[in-house]
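Single-structure report; data block below.
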Protein chains: 2
Amino acid sequence: MTKKPIDISAPPPDIRTAAKGQAPIAGGDVVASASNRAVRAAERRAAIVEAALEEFIARGFAATRLDDIAKRAGVAKGTIYLHFKDKESMFEELVRIVIVPVVEKLNALPPPTGSVRDLVEAFASNFLKEVANTRRGDLVRLIVAEGPRFPAVADFYYREVVSRGIAGMRALIELGIARGEIQQKNLARFPQILVAPAMIAVIWQSLFARHAPLDAQEMLRVHLDLIFGERRTT
Amino acid sequence: MTKKPIDISAPPPDIRTAAKGQAPIAGGDVVASASNRAVRAAERRAAIVEAALEEFIARGFAATRLDDIAKRAGVAKGTIYLHFKDKESMFEELVRIVIVPVVEKLNALPPPTGSVRDLVEAFASNFLKEVANTRRGDLVRLIVAEGPRFPAVADFYYREVVSRGIAGMRALIELGIARGEIQQKNLARFPQILVAPAMIAVIWQSLFARHAPLDAQEMLRVHLDLIFGERRTT
DNA sequence: TGACTTTGACTGACTAGTCAGTCAAAATTC
DNA sequence: GAATTTTGACTGACTAGTCAGTCAAAGTCA
């Protein structure tokens, strides 16, 4: 229930504008809303993205009203059209805007130390913290929901997240096999198996948590025991 | 791509009518479209359900037009309202109509013979045949997509399918543990792990098959090897 | 059995309402 | 005070739901 919001460090929309004078970013006091045009524009854009994300997650693409997004963002409807071409491309950009920083964070990640199991476990608990109990989790559901109607979104998501994730997991699995931590050689052919419970956890939380809460953390642990063998006493 | 349609054996909508005189059902020839009112009504209802399912799966709830459903069903829009109260309750009934026969089939199923592994494997391949490559697979995605906006649907689905499925799987896992086929005792606490790859397969097929086809059959086999140990040579 | 009457399933034009997208005017910035 | 940004009233396309009217099938009568 207590979803952490996603911090959206939105770059200004289309800043041929801002690149004019000298260093245009960051005025003296950021305390009150900063009074540099580019900055304010970026703030508004961020507010719109935040609001849109919220609405799209809650209602899906078709049922979301731009009026509601505008109201939530504290902005007039016309303003939205200063930042986005139309509803559809707003949705598509939205997904990119939210996902890109995650991918970047993942790319900058693994200093490959310790056992593969520890690595995967760190990954998993990070995933739970950063995704499963965040708006981002709902975003995953949103993509599953709207993907078929937005091939561009599905493509992007596949390319940026899924294929990389699968590749990364495969590398990890192969390492695990090489080191003898993982017995099942075939697992490398289906890294999906490794992440399946995590995905299920995300979906479960947003659909059935109310009926039967799921201890995702513990479930993932059990799953890892299955793959790596019962946990040795450290 | 080659989805099997779902056969919808729709009961007549509301046949106080038909119960008046003597046995009113079933005329001589059903070859040409039957000419008994109740029968025709049932046919039309079935056509509407079939068409609605198709449209809702393709476009989601909000973006689906009743005009399109009517056209696809070969029926006037008004006719839909003779069978369903409104769009929303049509959607909710739809899910029930399609899911109930599946549940019934499952209930009438397991003659518990052979090893647990064989049982589960039969289950899995049945699932692939009956769900993953059927409209029903898309229906699962549809429920994931619309669930949060249709608590009634999510509730129904949880009650009729998910909770029963989980319970059934748990029973199977416990049997497997008792018989020594399954080592991981904790698995019984999270039957979700057992079905996770199957769910992932369904979602994968409808979102990413185009990018990277997935041999679901083989993936499930590998997953079962993980749980039951590598397959002994039969 | 055939003529006449009643029924109610079905139709589709219509209404009332919604919402994406526009743009002239107001506000803000420099 | 000119240029730029923001606003929100407005338009027009679209659609859920309605309902007066139609007509094949069922019922009735002689």
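Below, chains carry the letters A, B, ... as their sequence lines are ordered, and counting in each starts from 1.
Taking the centre of each ring, A/F150 and A/F61 come in below the 6.0 Å mark.
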Check the interface with nucleotides 13-16 of chain C: list each N/O to N/O pair with the protein under 3.5 Å, or write none.
none

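Using a 4.0 Å cut-off, some side-chain N or O of B/R44 falls inside it from OP1 or OP2 of C/dC10.
Not one N or O on the side chain of A/W204 forms a donor-acceptor pair closer than 3.5 Å with the backbone of A/M199. Counting only distance, with no hydrogens or angles, the side chain of A/R149 and the backbone of B/R59 share a donor-acceptor pair below 3.5 Å. For A/T79 (side chain) and A/V75 (main-chain N/O), no donor-acceptor pair under 3.5 Å exists by modelled atom type. Listed for the B/Q205 side chain is a donor-acceptor partner under 3.5 Å among the backbone atoms of B/L214.
Among the nucleotides D/dT6, D/dG17, C/dC10, the one closest to the side chain of A/T79 is D/dT6.
A/D138 approaches A/S206 most closely through the heavy-atom pair OD1-CB, 3.8 Å. Pairing each heavy atom of B/A216 with each of B/L128, the nearest pair is CB-CD2, 3.7 Å.
DNA chain D lies under 4.0 Å from at least one heavy atom of each of the following residues of residues 58-71 of chain B: B/T64, B/R65, B/L66.
Each end of the helix from C/dT1-D/dA30 to C/dC30-D/dG1 gets its own rotation axis from five pairs of C1' atoms, and the angle between them is 20° to the nearest 10 degrees.
Between the CD1 atom of B/I80 and the P atom of D/dC19 there is a distance of 17 Å, given to the nearest Å. Put simply, CG on A/L82 is 9 Å from P on D/dT7, counting in whole angstrom units. Rounded to a whole Å, the NZ atom of B/K87 is 17 Å from the C1' atom of D/dT18. Atom-to-atom, CD1 of A/I48 to P of D/dT6 comes out at 9 Å; the value is rounded to the nearest Å. Rounded to whole angstrom, the span from the CD atom of A/E43 across to the P atom of D/dT5 amounts to 15 Å.
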Let me have the donor-acceptor pairs involving side chains of residues 189-197 of chain A, under 3.5 Å, with sequence neighbours excluded, atom names and distances please.
unit_1, atom_1, unit_2, atom_2, d
A/R189, NH1, A/N186, OD1, 3.0
A/R189, NH1, B/E218, OE2, 3.4
A/R189, NH2, B/E218, OE2, 3.4

Cut-off 3.5 Å, no hydrogens considered: what does the side-chain donor-acceptor table look like for residues 67-74 of chain B, sequence neighbours left out?
unit_1, atom_1, unit_2, atom_2, d
B/D68, OD2, B/R65, NE, 2.9
B/D68, OD2, B/R65, NH2, 2.8
B/R72, NE, B/E55, OE2, 2.9
B/R72, NH2, B/E55, OE2, 3.4

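Listed by chain and residue number, nothing satisfies the salt bridge (charged side-chain N to carboxylate O under 4.0 Å, His left out) test with A/R159 (two or more places apart in sequence, or in another chain).
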Practice task
Using the side chain to side chain contact (heavy atoms under 4.5 Å, CB included) rule, take A/R45 and A/I97 through it: C-alpha gap first, then chi angles, then the decisive distance, then the call.
Solution key: CA-CA 11 Å; A/R45 185 187 160 93; A/I97 291 169; 3.4 Å; yes
